[in-house]
There are 2 protein chains.
Amino acid sequence: MLNYTAPPTPAPVDLARLAKWLKVLAEPNRLLIFHLLMEGVQCNCELGEHLKMAPNLISHHLRVLREAGLIEVERDSLDARWIYYSVNRQALQALNQVWSAFFDPQRIKPRRLTCGPQGEMIRLSQVHEG
Amino acid sequence: MLNYTAPPTPAPVDLARLAKWLKVLAEPNRLLIFHLLMEGVQCNCELGEHLKMAPNLISHHLRVLREAGLIEVERDSLDARWIYYSVNRQALQALNQVWSAFFDPQRIKPRRLTCGPQGEMIRLSQVHEG
DNA sequence: ACTATAATTCAATGTATGTTGAACTATACT
DNA sequence: AGTATAGTTCAACATACATTGAATTATAGT
C-alpha cells in the first residue's frame, strides 16, 4: 500500500561496497581492460598491445581491479614469468546481484508529500490526528 | 566454436557512455542521493535532513546526476520555490540494458593462447599452416 | 517595497588518483 | 655466473573533483 509520508527504506544493498566496485570500473581504461579480460586477453604484454599503454600503468590498473576482488591472478605453469589475469566469476555474479537489487526500477516510489505546500497540509492534518 | 587465437571482439556497448554513468554513480554520497530519490525523497531540503549535508553540496551532486541524464527536475506547481528531483525511468532502463549487455557472465571467453609458452608453439604452427 | 524561503552559483581549498619514468623483482635461458 | 624477459614497485607530478563558505537568483508572502 502506498504511503506518501512513510520514511525512506534503507538501501537493499551495502552502498559502500557497491560504490567501491563502481568506482573501480568507472575508470575508462580499467573498464576497457575488464572488457579485454572477458575477451580472453589476459597477460600484461598482450593487453599492452591493444591498449597502447605502458606495462607499469596496466599493472597498476590490474592491481586496482584485483584488490577490488574483481579479477584473479595466475602464473603460467610452464614459464612462471608470464602472469595471467582473469575475471573473477563469483565476484561478477555478486556484482550483478547487487546491481540488480539496487537499480531495480520497481523500487522507485512516488514522491513523499512531506515537503512543499502539500506537505504543510499533511503535516497539519497529522497534528490533528495525533 | 571456440577459437583460442581470434582477436578480441569490440565491446557490446559504448564504453565511454557506460564509464561516465558509473563514475557519476560511484560517488558514495551521490549513490545515496540516488537511493533516496528512488525512495521518494525528492526535494533538496528533505535530502539534506537525511544526508546531513549542506544544501549547496546536495545541489552540486544533483546537478551532476542531472547532467548525466539520470534524474529529472520539476518545480512545484503551487509554490515554485520548491524543486523536486526524480529518477529518469528511461535512463535507468537504458543503464540497466547497457550494464547487462556488458557484464553478462556468458561473455567471458577462455584465455587466448597467443601469449606465453603455449602461444609460441601456436604462433609457429600458424606460420607452417599460413 | 521589504523580508523570508528554497535553492543555486561562484571562488577557493584539499585530497585522491591516473599517469610517467626509473629502479627493482622474479623467473628462465645459455 | 651472466643476460634476457615479463612484470611489478617506487617516487614525483598533474589533474579532476568533492567539499566549504559566501554571494546570488527566483519565488512567495506581507
| query | What is the distance, rounded to the nearest whole Å, between atom CG of B:N44 and atom P of C:dT9? | reply | 12 Å
| task | Calculate the interatomic distance between B:L51 atom CG and D:dT20 atom C1'; express it in whole Å. | result | 16 Å
| query | When the distance from CG of A:L47 to P of D:dA6 is rounded to whole Å, what number comes out? | reply | 14 Å
| query | Please give, in whole Å, the distance from C:dT9 C1' to B:R63 CZ? | reply | 8 Å
| query | Separation of A:K23 atom NZ from D:dC17 atom C1', in whole Å? | reply | 11 Å
| said: Please check this pair: side chain of B:H50 against backbone of B:V41, looking for a donor-acceptor N/O pair closer than 3.5 Å. | reply: no
| said: Does a side-chain N or O of B:R75 approach OP1 or OP2 of C:dA7 to a distance below 4.0 Å, or not? | reply: no
All N/O pairs under 3.5 Å across the protein-nucleotides 28-30 of chain D interface:
from: D:dA28; atom 1: OP1; to: B:A80; atom 2: N; distance (Å): 3.2
from: D:dA28; atom 1: O4'; to: B:R81; atom 2: NE; distance (Å): 3.4

| query | Side chains of B:N96 and A:W99: donor-acceptor distance under 3.5 Å anywhere? | reply | yes
| query | Do the side-chain N or O atoms of B:R30 get closer than 4.0 angstrom to the phosphate oxygens (OP1, OP2) of D:dA18? | reply | yes
| Which heavy atom of B:A68 sits nearest a heavy atom of B:W21, and at what distance? | O-NE1, 3.2 Å
| query | Which part of the nucleic acid does A:Y84 contact within heavy-atom distance under 4.0 Å: base, sugar-phosphate only, or nothing? | reply | nothing
| request: Measure from CG on B:L31 to P on D:dA18 and round the result to the nearest Å. | output: 13 Å
| task | Rounded to the nearest angstrom, tell me the gap between atom CD1 in B:I58 and atom P in C:dA6. | result | 14 Å
Write down the protein N/O and nucleotide N/O pairs, taken from nucleotides 19-22 of chain C, whose separation is under 3.5 Å; answer none if there are no such pairs.
from: C:dT19; atom 1: OP1; to: A:N29; atom 2: ND2; distance (Å): 3.0
from: C:dT19; atom 1: OP2; to: A:N29; atom 2: ND2; distance (Å): 3.3
from: C:dT19; atom 1: OP2; to: A:H61; atom 2: NE2; distance (Å): 2.8
from: C:dG21; atom 1: N7; to: A:N56; atom 2: ND2; distance (Å): 2.8
from: C:dG21; atom 1: O6; to: A:N56; atom 2: ND2; distance (Å): 2.9
from: C:dA22; atom 1: N6; to: A:N56; atom 2: ND2; distance (Å): 3.4

| request: Give the rounded distance in Å between these two atoms: CD of A:E74 and C1' of D:dG7. | output: 16 Å
| Pairing residues for B:R30 by the side-chain hydrogen bond (donor to acceptor under 3.5 Å, both in side chains) criterion, not counting sequence neighbours | B:H61
